[in-house]
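This report concerns only the one structure given below.
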Amino acid sequence: MRKYENDKLIKIICNKCGRKMSVDMDIVKEGVCTVEKDWGYFSGKDGEHHQFDLCEECYDAWIKSFVIPAEIRENTELI
Ligand SMILES: [Zn+2]
């Protein structure tokens, strides 16, 4: 969950555990997984936009629950 004030990011809270993540001067200072999904016609959520943020620990716990592991590769260029 993100909070903005005057178009500046002031707060990110992990949607799963509720922990406030570190934000300084509009920049997130730790790993965060942001998921945004526009559900389409063949779903039961047609027309809905979902968005949530997870801290790195909750992300790790989430992907460990997958039957098929997430695909992970090294980026050759860092953002
Ligand atoms: Zn969390």
Write out all pairs satisfying salt bridge (Lys or Arg N to Asp or Glu O under 4.0 Å) with one or both partners inside residues 31-48, taking only residues at least two apart or from two chains.
none
For residues 2-15, the salt bridge (Lys or Arg N to Asp or Glu O under 4.0 Å) pairs (sequence neighbours left out) are Arg2-Asp53
Sequence neighbours left out, cut at 3.5 Å: what donor-acceptor pairs do the side chains of residues 64-71 make with other protein atoms?
unit_1, atom_1, unit_2, atom_2, d
Ser65, OG, Trp62, O, 2.5

Please give the remaining members of the hydrophobic cluster of Tyr41, linking ILVMFWY side chains under 4.5 Å, ordered by chain and number.
Phe42
Phe52 and Tyr59: same hydrophobic cluster, using ILVMFWY side-chain contacts below 4.5 Å?
yes
Rounded distance (nearest 0.5 Å) linking atom CG of Leu54 with atom CD of Glu56
11.0 Å
Side chain proximity check, Trp39 to His50, heavy atoms < 4.5 angstrom:
yes
Do you know which of Val35, Asn15, Thr34 makes side-chain contact (heavy atoms from CB on, under 4.5 Å) with Gln51?
Thr34
Review item, side-chain donor-acceptor pairs of residues 16-33, under 3.5 Å, at least two apart:
unit_1, atom_1, unit_2, atom_2, d
Arg19, NH1, Glu30, OE1, 3.4
Arg19, NH2, Glu30, OE1, 2.8
Arg19, NH2, Glu57, OE1, 3.4
Asp26, OD1, Leu9, N, 2.4
Glu30, OE2, Ser22, N, 2.8

